[in-house]
Amino acid sequence: MRFSEADNANGYLIDAYDTHGVVIGKQRYAQGLIVTPTQIIAPWSLQLADLTAESIDELLAFAPQIIVLGTGSRQVFPDPSLYFAVLERGIGFEVMDTGPLVAPITS
């Protein structure tokens, strides 16, 4: 995997967040969503407690190199078996609260 400076010319980036959601471009999203470089799937209303191997398969259909699961205002980990479902396919899996993912909205 190659890391580089974020550049929204090559896809969608989460620009900002607050307790009410995230901003991508100029659009605010106040519900769960899937963000890939080429598309935004919203709403993705699955709750963390409802995350299953089948829902992980839905994410794997996008052929990601890594899955970053933002869990809102605090870090909450899914069932460990879900990590293995991803890692055994050679895909990275990070779980974090939303804060470290993006800059807060200041306006």
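In what follows, residues are counted from 1 in the order of the sequence shown. None of these values were measured; they are calculated from a predicted model.
- Residue L33 comes nearest to A42 through the heavy atom pair CB-CB, 3.9 Å, listed as atom of the first residue, atom of the second, then distance.
- Within 6.0 Å of CD in Q31 there are more than 12 heavy atoms belonging to other residues, nucleotides or ligands.
- We find that D15 and R28 are not joined by a salt bridge, their nearest charged nitrogen and carboxylate oxygen being 4.0 Å or further apart.
- Contact annotation: the side chain of E88 never approaches that of V86 to less than 4.5 Å [non-hydrogen atoms, C-beta and beyond].
- P64 places none of its side-chain heavy atoms less than 4.5 Å from the side chain of L59.
- Counting heavy atoms from C-beta outward, L60 and I91 have side chains that approach closer than 4.5 Å.
- Taking the side chain as every heavy atom from C-beta outward, L51 and L82 approach each other to under 4.5 Å.
- A search for side-chain hydrogen bond (donor to acceptor under 3.5 Å, both in side chains) contacts involving S55 returns T52, not counting sequence neighbours.
- In F84, the CZ atom is not crowded: 12 or fewer heavy atoms of neighbouring residues, nucleotides or ligands sit closer than 6.0 Å.
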Check the pair T71 / M96 against side chain to side chain contact (heavy atoms under 4.5 Å, CB included), numbers first and verdict last.
CA-CA 6 Å; T71 59; M96 59 182 59; over 6 Å; no
Derivation of the side chain to side chain contact (heavy atoms under 4.5 Å, CB included) call for I41 and V35:
CA-CA 7 Å; I41 296 89; V35 181; over 6 Å; no
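- One N or O on the side chain of Q75 and one on the backbone of V95 form a donor-acceptor pair closer than 3.5 Å.
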Should Y29 and I40 be marked as a side chain to side chain contact (heavy atoms under 4.5 Å, CB included) after you check the CA-CA gap, both sets of side-chain angles, and the distance that decides it?
CA-CA 10 Å; Y29 295 89; I40 298 171; 3.5 Å; yes
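- Atom CD of E94 is surrounded by 12 or fewer heavy atoms from other residues, nucleotides or ligands within 6.0 Å.
- Checked against ring-ring contact (aromatic ring centres under 6.0 Å, His included), Y83 has the following partners two or more places apart in sequence or in another chain: F93.
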